[in-house]
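Data block below; observations after.
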Number of protein chains: 2
Amino acid sequence: MVIVRRTKQRQAILNKILSAEGPLSVSQIHGRASEELPRLGIATVYRTIKTLREEGEIVSVELPGEEAHYESAGRGHHHHFRCWSCEQVFDLGVCPVGIPSGTTLPGGYRVEEHNLTLYGRCSSCVAT
Amino acid sequence: MVIVRRTKQRQAILNKILSAEGPLSVSQIHGRASEELPRLGIATVYRTIKTLREEGEIVSVELPGEEAHYESAGRGHHHHFRCWSCEQVFDLGVCPVGIPSGTTLPGGYRVEEHNLTLYGRCSSCVAT
DNA sequence: CGTTTTCTGATATTAGTTTATCATTCGTTG
DNA sequence: CAACGAATGATAAACTAATATCAGAAAACG
């Protein structure tokens, strides 16, 4: 059981994660939350992320070759797009993977899950 | 590093990578090559991987939430399957991602590349 | 051979991420 | 409003991955 108090830090951190357009890294969360709480410590960010995960409010997102990112739980099955220019990660609504869970591929691989990341340029970076 | 000598270490490391069924981590490469060269140092593995990449013989493979893996270059566009039981990574021949390079998704995301990892159980682990 | 010079192996070092520690702050409750 | 205790912030410490160092081993080549 986790006793949780309503602190400014916790509210700012959770707010930044929930209102983000995609998963955020620890340093991104720290940077954004620091805008309203300039003395916010990085340890508090790590601690709060840990409790928010235990409470099921956020989930971790693993991207190839990067540190863990975190986003709101309950967004359902979706994937991510990483922009090569602004280096931000965005949630996508589409799932272009044509392999239902339980499919067995040639070679006998029984697929239960998949992780897809798309790369390119986001709309605002394409425009410039 | 222009001059490359044919050492037992280099041959063993390259052989393990080229003959693998999928990309290998540094510790996996070290473990497998150590079977024939018991005194092989981990630094030699890192050094050899670096030169093999510079020569274009191998490429790095990034898997979500894992250290870099390495496999033979020139295997073309493909994806990977990670077995939850034996924890090995296998190359797949299929590409079930229905997004050609250059596609623009809703939201204006211009997709140029993708990275897909499938998860489940491999044939030998399903059998047991 | 024998000389030259790269390569190796053991270890130290660097770099990055995450957790632990602890005095202080501050949210909560009666 | 007082007091208890969880949360914070600064910092140290722990881990892991990757590179640097350097004496000695061993390819390459005349």
Side-chain angles (χ1 to χ4, degrees), chain A residues 1-18 23-71 82 87 89, chain B residues 1-17 23-71 82 87 89 117:
Chain A
M1 194 223 48
V2 183
I3 296 174
V4 176
R5 294 185 170 177
R6 281 203 230 96
T7 65
K8 287 171 291 199
Q9 290 83 354
R10 179 190 156 97
Q11 288 179 329
I13 291 168
L14 180 56
N15 177 49
K16 293 303 181 189
I17 297 173
L18 297 186
L24 302 178
S25 67
V26 172
S27 65
Q28 284 177 318
I29 295 167
H30 183 238
R32 297 189 183 193
S34 293
E35 293 172 7
E36 44 187 271
L37 294 173
R39 301 196 56 75
L40 179 66
I42 190 69
T44 298
V45 178
Y46 276 105
R47 268 187 306 240
T48 305
I49 287 172
K50 194 177 183 182
T51 62
L52 289 173
R53 290 181 68 191
E54 290 169 355
E55 294 165 25
E57 301 216 55
I58 66 173
V59 294
S60 74
V61 172
E62 304 290 354
L63 299 164
E66 301 185 45
E67 343 79 85
H69 287 53
Y70 301 93
E71 71 179 6
R82 177 175 243 290
E87 300 198 327
V89 183
Chain B
M1 179 95 47
V2 181
I3 296 174
V4 176
R5 293 183 172 178
R6 287 199 213 95
T7 65
K8 287 171 293 194
Q9 291 85 350
R10 179 188 158 97
Q11 287 179 329
I13 290 167
L14 181 56
N15 177 50
K16 293 302 180 188
I17 297 173
L24 301 178
S25 68
V26 172
S27 64
Q28 283 177 319
I29 295 167
H30 184 237
R32 296 189 184 193
S34 293
E35 293 171 7
E36 46 188 89
L37 294 173
R39 300 195 57 75
L40 179 65
I42 190 69
T44 299
V45 178
Y46 276 106
R47 266 187 306 242
T48 306
I49 287 172
K50 193 176 184 182
T51 62
L52 289 173
R53 289 182 70 189
E54 289 169 354
E55 293 165 24
E57 301 216 54
I58 66 175
V59 294
S60 74
V61 172
E62 304 289 353
L63 299 165
E66 302 185 45
E67 343 79 85
H69 285 55
Y70 301 93
E71 70 179 7
R82 176 172 245 288
E87 300 199 324
V89 183
T117 306

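Convention: sequence-line order gives letters A, B, ...; per-chain numbering from 1.
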TODO: Scan L37(B), I29(B), T51(B) and name whichever one has a side-chain contact (heavy atoms from CB on, under 4.5 Å) with I13(B).
DONE: I29(B)
Task: Qualifying residues under side-chain contact (heavy atoms from CB on, under 4.5 Å), relative to R47(B), sequence neighbours excluded - done: A43(B), T44(B)
Open item on the list: Please pick, from dA10(D), dG9(D), dA10(C), the nucleotide with the shortest atom-to-atom distance to any side-chain atom of R39(B).
Closed with: dA10(C)
- [ ] Find out whether V26(A) and E67(A) are in side-chain contact, i.e. whether some heavy atom of one side chain is under 4.5 Å from a heavy atom of the other.
- [x] no
Task: Minimum heavy-atom distance between G65(A) and E62(B), given as atom pair plus value - done: CA-OE1, 3.3 Å
- [ ] Grab the NE2-C1' distance between H30(A) and dT17(C) for me, whole Å please.
- [x] 14 Å
Got a list of protein N/O to nucleotides 13-16 of chain D N/O distances below 3.5 Å?
none

Open item on the list: Among residues at least two apart in sequence or on other chains, which ones pass side-chain contact (heavy atoms from CB on, under 4.5 Å) with T7(A)?
Closed with: R5(A), Q9(A), R10(A)
- [ ] Starting at atom CD of Q9(B), determine the distance to atom C1' of dC7(C), rounded to an integer number of angstrom.
- [x] 8 Å
Task: From CG (L14(A)) to OG1 (T48(A)), nearest 0.5 Å - done: 9.5 Å
- [ ] Under the side chain to side chain contact (heavy atoms under 4.5 Å, CB included) rule, what do V4(A) and E55(A) come out as? Steps first, then yes or no, please.
- [x] CA-CA 10 Å; V4(A) 176; E55(A) 294 165 25; 3.0 Å; yes
TODO: Supply the atom-to-atom distance S27(A) OG to H69(A) NE2, rounded to the nearest 0.5 angstrom.
DONE: 7.5 Å
- [ ] Find the distance E54(A):CD to dA6(D):P and express it as a whole number of Å.
- [x] 15 Å
Open item on the list: Ignoring hydrogens, what is the shortest heavy-atom contact between L40(B) and H30(B)? Give both atom names and the distance.
Closed with: O-NE2, 2.8 Å
Open item on the list: I need the CG-P distance between L40(B) and dA10(C), as an integer number of Å.
Closed with: 9 Å
Open item on the list: I'd like to compare against my own output: the B/S/- annotation of nucleotides 23-29 of chain C with a strict under-4.0 Å heavy-atom distance to protein.
Closed with: ----BS-
TODO: Rounded to the nearest angstrom, tell me the gap between atom NE2 in H69(A) and atom P in dT18(C).
DONE: 11 Å
Open item on the list: Measure CD/E66(A) against C1'/dT18(C) and give the value in whole Å, please.
Closed with: 18 Å
Open item on the list: Under 4.0 Å between a side-chain nitrogen and a carboxylate oxygen: does that hold for K8(B) and E36(B)?
Closed with: no
TODO: Provide, to the nearest angstrom, the distance between the NZ atom belonging to K50(B) and the C1' atom belonging to dA17(D).
DONE: 14 Å
Task: Residues touching DNA chain D, which here means a heavy atom under 4.0 Å, drawn from residues 41-49 of chain B - done: A43(B), Y46(B), R47(B)
TODO: Using the test side-chain contact (heavy atoms from CB on, under 4.5 Å), find all partners of E71(B) that sit at least two apart in sequence or belong to another chain.
DONE: P23(B), V59(B), V61(B), R75(B), H78(B), H80(B), D91(B)
